Enquirer: 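The structure that follows is given in the form of structure tokens.
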Amino acid sequence: MTEIAAQLKLSTATVSKVLNGKPDVSPATRDKVQAVLEEMNYRKNRSAAAPLIDVVLERLDNVWGLEVITGVERAARDRQLGVVITETLGVSDAPSFWVDACLERNPIGVILVLSNPAQDAAQRLSSRGIPYVLLDPSGDPNPNVPSIKADNWGGGLAATRHLLALGHTHIGVITGRSTMLCSQARLAGHLAALAARGIPADDSLIKEGDFTTVCGRELALQLLDQDHRPTAIVAGNDLEAMGVYDAAHILHLRIPDDLSVVGFDDVQTSAYMGPSLTTIRQPIREMSSEAVNMLLRRHEQDLPSANLTFPTELIIRGSTASPYNG
């Protein structure tokens, strides 16, 4: 640092900030320091411990997050990589508390499972040459940033087609947040299935949720309180579907006799619900493992960005049946 600072007539503190990805350095100064670092073939020493991958999630208090961690851990173990998990608690727009620690660890890559990763975080990772991958991005990510997602539109289409094939035509929907692209795509697939059958969209049957069980219960109670209640509900994810089950129990409705329910994700617990949940399988573990592979490829070779979309699959279980006409 002393040599570089003297060569560029900068303070050692400024050079240190660039090395550690701190944001309070002008772009011109950062570029000068980076150019000298490249000339010197600088690479920060790593510890003797196993190389690391960082995984940054908004929340860990749900089964979806555990599925992500399981997929990452399995792929990392096969490649003798350590994994560091960070929970942001939804504070993705003020990332310094986790970025600082991440840069200090100097991992070989970072998997970001965030709705909308802050631009500052991405810039600081890039300034240190640390590759990152967006896993299941729910916002509108830069197309030049590598990402992995599921076919949400196809999943929404398959869920509603399944119910239509059973004879349901009055179908309620509980979405995720409307600002999330995955929610928009799943709802668009649902509406496309209805349109293909000549069934007009009914706004009274569409409720915007937030992918939580509590929200699923409350919105299902609203849907089922209508004079002409739906005979089936498509939930935005399996957590919301659990809330629909709770609402049906409160109202003494039987699943699937009085109400059919379809979820989305196929988290591990969905097969053990009573009755077992018909859902759209999003291959979360496989997607998470592929995120590790993508990081390794980008770490070992300077590969171009890739955006992968995994297919979804309808898993038919005990929560769907033809509408009861008795």
Side-chain angles (χ1 to χ4, degrees), residues 57-71 85 87-90 92 113-115 135-139 149-152 155-156 158-160 163 171-187 189-190 206-224 230 232-251 253 255-256 259-285 287-288 310 312-320:
L57 306 96
E58 288 189 352
R59 306 196 71 88
L60 294 174
D61 58 351
N62 59 61
V63 289
W64 192 91
L66 295 177
E67 292 285 303
V68 170
I69 294 171
T70 299
I85 308 295
E87 181 184 33
T88 71
L89 295 174
S92 58
V113 196
L114 303 173
S115 296
L135 178 60
D136 194 31
S138 54
K149 61 182 180 179
D151 179 10
N152 291 293
T160 301
L163 292 172
I171 303 170
V173 180
I174 301 174
T175 71
R177 295 187 185 93
S178 60
T179 55
M180 301 171 72
L181 288 183
C182 60
S183 301
Q184 297 172 24
R186 293 172 194 180
L187 177 59
H190 164 75
I206 302 173
K207 301 292 184 181
E208 180 181 340
D210 62 6
F211 287 150
T212 65
T213 300
V214 171
C215 177
R217 180 183 65 239
E218 297 307 312
L219 294 180
L221 287 171
Q222 294 178 28
L223 286 169
L224 297 171
I233 293 178
V234 176
N237 66 353
D238 291 348
L239 294 178
E240 287 184 345
M242 293 175 190
V244 176
Y245 272 50
D246 195 19
H249 177 73
I250 292 171
L251 297 174
L253 297 176
I255 298 174
L259 178 70
S260 287
V261 183
V262 181
F264 201 109
D265 283 342
D266 193 29
V267 296
Q268 190 174 15
T269 54
S270 64
Y272 301 98
M273 295 167 63
S276 57
L277 179 65
T278 294
T279 187
I280 300 297
R281 181 174 187 269
Q282 180 177 203
I284 304 170
R285 295 187 184 185
M287 291 161 60
S288 303
F310 277 63
T312 50
E313 178 186 4
L314 173 66
I315 305 297
I316 300 174
R317 297 195 181 104
S319 66
T320 51

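In this text the structure is predicted, and so the values were computed from the model without any measurement.
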Enquirer: Nearest heavy-atom pair of Ala271 and Ser276: which atoms, and what distance?
Expert: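 Looking at all heavy atoms of both residues, the shortest contact is O-CB, 3.3 Å.
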
Enquirer: Identify, with sequence neighbours excluded, every residue that meets salt bridge (Lys or Arg N to Asp or Glu O under 4.0 Å) alongside Asp210.
Expert: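 With sequence neighbours excluded, Asp210 shows a salt bridge (Lys or Arg N to Asp or Glu O under 4.0 Å) to no residue whatsoever.
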
Enquirer: Decide yes or no for Phe310 and Gln282: does some side-chain heavy atom of the first lie under 4.5 Å from some side-chain heavy atom of the second?
Expert: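 No, side chains not in contact.
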
Enquirer: Using side-chain hydrogen bond (donor to acceptor under 3.5 Å, both in side chains) as the criterion, list what pairs up with Arg217, not counting sequence neighbours.
Expert: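 Counting only residues at least two positions away or on another chain, Arg217 forms a side-chain hydrogen bond (donor to acceptor under 3.5 Å, both in side chains) with Asp246.
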
Enquirer: Please name all residues satisfying side-chain hydrogen bond (donor to acceptor under 3.5 Å, both in side chains) with Ser260, sequence neighbours left out, ordered by chain then number.
Expert: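 Expected list: His168.
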
Enquirer: Do other residues, nucleotides or ligands put more than 12 heavy atoms under 6.0 Å from Gln222 CD?
Expert: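 Yes, because the 6.0 Å sphere around CD of Gln222 holds more than 12 heavy atoms from other groups.
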
Enquirer: Any pair with a residue in residues 235-244 that passes side-chain hydrogen bond (donor to acceptor under 3.5 Å, both in side chains), sequence neighbours left out, goes on the list, sorted by first then second residue, please.
Expert: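 Sorted result for residues 235-244: Asp238-Thr279.
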
Enquirer: Please examine the side chains of Phe264 and Thr312, heavy atoms only from C-beta on, and report whether any two atoms are closer than 4.5 Å.
Expert: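 Yes, side chains in contact.
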
Enquirer: Distance-only, no hydrogens or angles: does the Ser319 side chain make a donor-acceptor pair with backbone N or O of Thr278 under 3.5 Å?
Expert: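 Answer holds: yes.
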
Enquirer: Report yes if the side chains of Ile171 and Pro230 come closer than 4.5 Å at any heavy-atom pair, otherwise no.
Expert: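 No, every pair of side-chain atoms sits at 4.5 Å or beyond.
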
Enquirer: Output yes when a side-chain donor or acceptor of Arg285 lies under 3.5 Å from a complementary backbone atom of Gly71, and no otherwise.
Expert: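 Absent.
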
Enquirer: Going by the rule side-chain hydrogen bond (donor to acceptor under 3.5 Å, both in side chains), which residues pair with Thr160 if we only count those two or more places apart in sequence or in a different chain?
Expert: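 Here the qualifying residues are His190.
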
Enquirer: Show the nearest heavy-atom pair for residues Ala248 and Ile255, with the distance to one decimal.
Expert: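 Here Ala248 and Ile255 meet closest at CB-CD1, 3.9 Å.
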
Enquirer: Might you work through the side chain to side chain contact (heavy atoms under 4.5 Å, CB included) test for Leu259 and Leu251, ending with a clear yes or no?
Expert: CA-CA 11 Å; Leu259 178 70; Leu251 297 174; over 6 Å; no

Enquirer: With the side chain counted from C-beta on, respond yes when Phe211 and Leu239 share a heavy-atom pair under 4.5 Å apart, and no when they do not.
Expert: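 SC-SC contact between Phe211 and Leu239 ruled out.
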
Enquirer: Taking the side chain as C-beta and beyond, is there a heavy-atom pair between Leu135 and Ser288 under 4.5 Å?
Expert: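 They are in side-chain contact.
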
Enquirer: Ignoring hydrogens, what is the shortest heavy-atom contact between Met287 and Ala150? Give both atom names and the distance.
Expert: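 Shortest heavy-atom separation between Met287 and Ala150 comes out as CE-N, 3.8 Å.
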
Enquirer: Check the pair Ile284, Asp265 against side chain to side chain contact (heavy atoms under 4.5 Å, CB included), reporting the backbone distance first and the verdict last.
Expert: CA-CA 8 Å; Ile284 304 170; Asp265 283 342; 4.2 Å; yes

Enquirer: Got a second to check how far Glu218's CD is from Thr213's OG1, nearest 0.5 Å?
Expert: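 Output value for this atom pair is 11.5 Å.
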
Enquirer: Do you know the tightest heavy-atom contact between Ala235 and Ala241?
Expert: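 Scanning both residues, the minimum pair turns out to be CB-N, 3.5 Å.
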
Enquirer: Roughly how far, to the nearest 0.5 Å, is CG of Asp136 from CH2 of Trp64?
Expert: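 Going from CH2 on Trp64 over to CG on Asp136, the span is 4.5 Å.
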
Enquirer: Any chance you could measure Glu313, atom CD, to Asp266, atom CG, to the nearest 0.5 Å?
Expert: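 Output value for this atom pair is 8.5 Å.
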
Enquirer: With Leu66, which residues qualify under side-chain contact (heavy atoms from CB on, under 4.5 Å), at least two apart?
Expert: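 Partners of Leu66 under the side-chain contact (heavy atoms from CB on, under 4.5 Å) test: none.
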
Enquirer: Please list, chain by chain and in numerical order, all residues satisfying side-chain hydrogen bond (donor to acceptor under 3.5 Å, both in side chains) with Glu208, sequence neighbours excluded.
Expert: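 side-chain hydrogen bond (donor to acceptor under 3.5 Å, both in side chains) check on Glu208 returns Ser178.
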
Enquirer: Side-chain contact test, heavy atoms from C-beta onward, threshold under 4.5 Å: evaluate it for Val261 versus Thr320 and give yes or no.
Expert: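 They are not in side-chain contact.
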
Enquirer: Sorted by first residue and then second, give each salt bridge (charged side-chain N to carboxylate O under 4.0 Å, His left out) pair with at least one member in residues 270-280; sequence neighbours left out.
Expert: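 Counting only pairs at least two positions apart or across chains, no salt bridge (charged side-chain N to carboxylate O under 4.0 Å, His left out) contact touches residues 270-280.
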
Enquirer: Run the side-chain contact (heavy atoms from CB on, under 4.5 Å) test against Thr269 and tell me which residues pass, sequence neighbours left out.
Expert: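 side-chain contact (heavy atoms from CB on, under 4.5 Å) list for Thr269, sorted by chain: Val63, Met242, Val267.
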
Enquirer: I'd like to know if Asp151 pairs up with Arg186 as an ion pair, taking the criterion as any Lys NZ or Arg NE/NH1/NH2 lying under 4.0 Å from an Asp or Glu carboxylate oxygen.
Expert: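 The answer is no: the pair does not qualify as a salt bridge.
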
Enquirer: Quick check on Lys207: does its NZ atom have over 12 non-hydrogen neighbours (other residues, nucleotides or ligands) under 6.0 Å away?
Expert: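 Yes, NZ of Lys207 has more than 12 neighbouring heavy atoms, counting only those of other groups under 6.0 Å.
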
Enquirer: Under a 4.5 Å cut-off applied to non-hydrogen side-chain atoms, are Pro137 and Lys149 in contact?
Expert: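 Yes. Closest side-chain heavy atoms under 4.5 Å.
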
Enquirer: Are Leu219 and Ile233 side-chain neighbours, meaning at least one heavy-atom pair lies under 4.5 Å?
Expert: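 Result no, sub-4.5 Å side-chain heavy-atom pair not found.
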
Enquirer: Search all heavy atoms of Asn152 against all heavy atoms of Cys182 and return the closest pair with its distance.
Expert: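 Looking at all heavy atoms of both residues, the shortest contact is ND2-CB, 3.6 Å.
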
